[in-house]
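Chain identifiers are assigned alphabetically (A, B, ...) following the order of the sequence lines, protein sequences preceding nucleic acid strands; residue numbering begins at 1 within each chain.
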Amino acid sequence: VTRPIITLTTDFGSGSHYVAAMKGAILAINPEATIVDISHEIWPQDVRSGAWMLATTAREFSPGTIHVGVVDPGVGTDRAIVIAEIAGQRLVAPDNGLLGLVAAAGDVQSVYRVAEPKYWRDEVSATFHGRDIMAPVAAHLSLGVAAKDFGPRHGELLRLNSCIPSICDDGIEGEIVFVDTFGNLITNIDKEAMSIIPDGAKVKIACEKAKRIELVETYGNRAADTPVALIGSSGYLEVAVVEGDASQVLDGGVGCKVTVRW
Amino acid sequence: VTRPIITLTTDFGSGSHYVAAMKGAILAINPEATIVDISHEIWPQDVRSGAWMLATTAREFSPGTIHVGVVDPGVGTDRAIVIAEIAGQRLVAPDNGLLGLVAAAGDVQSVYRVAEPKYWRDEVSATFHGRDIMAPVAAHLSLGVAAKDFGPRHGELLRLNSCIPSICDDGIEGEIVFVDTFGNLITNIDKEAMSIIPDGAKVKIACEKAKRIELVETYGNRAADTPVALIGSSGYLEVAVVEGDASQVLDGGVGCKVTVRW
Amino acid sequence: VTRPIITLTTDFGSGSHYVAAMKGAILAINPEATIVDISHEIWPQDVRSGAWMLATTAREFSPGTIHVGVVDPGVGTDRAIVIAEIAGQRLVAPDNGLLGLVAAAGDVQSVYRVAEPKYWRDEVSATFHGRDIMAPVAAHLSLGVAAKDFGPRHGELLRLNSCIPSICDDGIEGEIVFVDTFGNLITNIDKEAMSIIPDGAKVKIACEKAKRIELVETYGNRAADTPVALIGSSGYLEVAVVEGDASQVLDGGVGCKVTVRW
């Protein structure tokens, strides 16, 4: 690849020197890399939000893209750092659940444990493996080093149950994972989970203050101020208020429960 | 062009997956593109602020640059998406007023309606034409596809009257469109509008708490804490407080009226 | 260099048109440049924070990198704009202390005053030398113009005493310069300053509400909720609370004093 793409998803904050340090580390090894920020606004140490962000966004990039995810509350403990080959892309991240949703959604081709120090920064700090291990590993991957050269095979990727909506006899239970600038409440309930609803069933969705939200096809279908639910552009169920701000009207935010009944 | 430039101006918020999805869509089609974020902090669905941001910033880029603007409250309705060739650059945006100020300031060479689906994402969502139509169209433009190949000629671009300062017998009336990190209040009253003031006239500017602000050449001209008005670096009238924060001292923000009298 | 790197560190805010204007100015001169945002979240006109950000981050980039710093309360006065060659990199900034910490840490090879208008924007505004002088100068540097071609030799770079921790008989006195998204309080006391502490001395650190913080090697060493101090990943002393948010628990922020005694 002439211009390999490396994306970054972290909880460091956009204006932080940590993000810049990772970019410096990547470009020092491969100045031809195109670095794309996915988000640095993941709630600090919130692996679940990070996992959702990667699951919803990684697929928007072409095969061959390298994604680096750093939401790493266990830095300095013995949690593994891995390279996962999923659906033709490679992801570099701690194996703490951050890759669990990408792995659940796509074909996991192989997982390697990052163990070979010759691809790391000369001096590895105790607290910043994003700069010292993950960024250099991604840069070497982008130069053509094979994933298997970074370390031995690794077992199955950790999946956090709390990330995944639970399906029970009488419905689906999930939660809000992202609130966008328009106040739309995006849940972790994906198209696939919703596909278990029988055709023609009358669906009611509950989210905080609104107990009987209707499922619609597009925002345009209902009068202003009506709470509605729809499958959004990323393939996840979202709750919105027509011409309004659902996060304010319904008082909903990240972590709030959302239930689907029929 | 070996490294075509594509800029993005949206109301999605910097840490949002929507911005990343647009970048993924562009780079999947043209991995050689240089993507530049102009701003993702446009007030949600505020077409006027977006129009000002594009008008003030597009001109800072070289001819050949492609600008994508997505402030799109009408997504899903039948508002057109257009490609406008203005002053040697191309802009891709909904025709909802977002291009109105660029069009007012520069030479509009041609406008085409985006209508040819072969340049779009395979699956077009109801709510995210930024990713599904505008980003792919911009990427194909950057690869050399001509604007006329995307669809038929389009009529005049929509201009929102509220974007443009009104000139009356006894002065100019405009409003604040941006507050910078220093607290300076930037208005939509441009150099050209100010040029109607007769030479030598004594000018007084009113903005919220300050009713008789003097027009100066540079900040350095007055004592600390004095409110002053000047033509700023982008060519628009701005209100500042010498060594102070005008947004706090004058209690001014986006949307506040500003009047110029002489 | 085929893909020269130009970094930007400013107090303009991420969503501001000022940042975009600087990028437009750079890419108009050198479309092959890779522009990296270090931070645009420097506290407005806070030269000390900007100096620390540059000192801690510039070194993360490879030799040959060009750094542009714009925290410039003296714009429009006769403060010089300089090009400093330090440790194999070049930095373009006002000589107002912004380069003082980089200069203190690295080998200053030469400093030139930016004086040759042919490398500037045709029209130079009174208030935005970032776009009109510094960005074009950096772009021309990236094309291979030598630093000496931009103007005459310049004297020693300004160093703000307030940036540098003071070392007294009974300890070291510094201050907090950055609070990260985890609430860690990062100080301007670097590894070198700490090296004056005699081996084996019992060290106590005071920071706001906590008067006797222990110095540890890593976060993992102490129980949850314990305030600790350690040399962080950037080589500066930082105060943290194990599994907690030090900025909240200790009520500390940028500018708070930190003292080290033994």
- [ ] Determine the option with the most heavy-atom pairs under 4.5 angstrom with chain C, choosing from A:Ala126, A:Pro44, A:Ala28.
- [x] A:Pro44
TODO: Please flag which part of A:Ala21 lies under 4.5 Å from any non-hydrogen atom of chain C: side chain, backbone, both or neither.
DONE: both
Task: Non-hydrogen atoms of C:Val239 and C:Cys207 that approach each other most closely - done: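 In terms of heavy atoms, the two residues are closest at CG2-CB, 4.3 Å.
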Look up atom [atom1] in [X] and atom [atom2] in [Y], then write down how far apart they are to the nearest 0.5 Å.
X	Y	atom1	atom2	value
A:Ile81	A:Ile133	CD1	CD1	4.0 Å
A:Leu99	A:Leu54	CG	CG	6.5 Å
A:Leu141	A:Tyr119	CG	OH	9.5 Å
A:Ile29	A:Leu143	CD1	CG	7.5 Å

Under 3.5 Å, what donor-acceptor pairs does chain A form with chain C?
| unit_1 | atom_1 | unit_2 | atom_2 | d |
| --- | --- | --- | --- | --- |
| A:Asp11 | O | C:Thr181 | OG1 | 2.7 |
| A:Gly15 | O | C:Ser39 | OG | 2.8 |
| A:Tyr18 | OH | C:Asp180 | OD2 | 2.6 |
| A:Glu32 | OE2 | C:Thr2 | OG1 | 3.2 |
| A:Arg131 | NH1 | C:Glu60 | OE2 | 2.8 |
| A:Arg131 | NH1 | C:Ser233 | O | 2.9 |
| A:Arg131 | NH2 | C:Ser233 | O | 2.9 |

Open item on the list: Holding to side chain to side chain contact (heavy atoms under 4.5 Å, CB included), I want the full list of residues that pass it with A:Pro152, two or more places apart in sequence or in another chain.
Closed with: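 Counting only residues at least two positions away or on another chain, A:Pro152 forms a side chain to side chain contact (heavy atoms under 4.5 Å, CB included) with A:Arg113, A:Ala115.
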- [ ] Describe, in one word, how the ring planes of A:Phe128 and A:Phe12 are oriented to each other, choosing from parallel (under 30°), tilted (30 to 60°) and perpendicular (over 60°).
- [x] perpendicular
Open item on the list: Using heavy-atom distances under 4.5 Å, tell me whether C:Ile186 contacts chain A through its side chain, its backbone, both, or neither.
Closed with: side chain
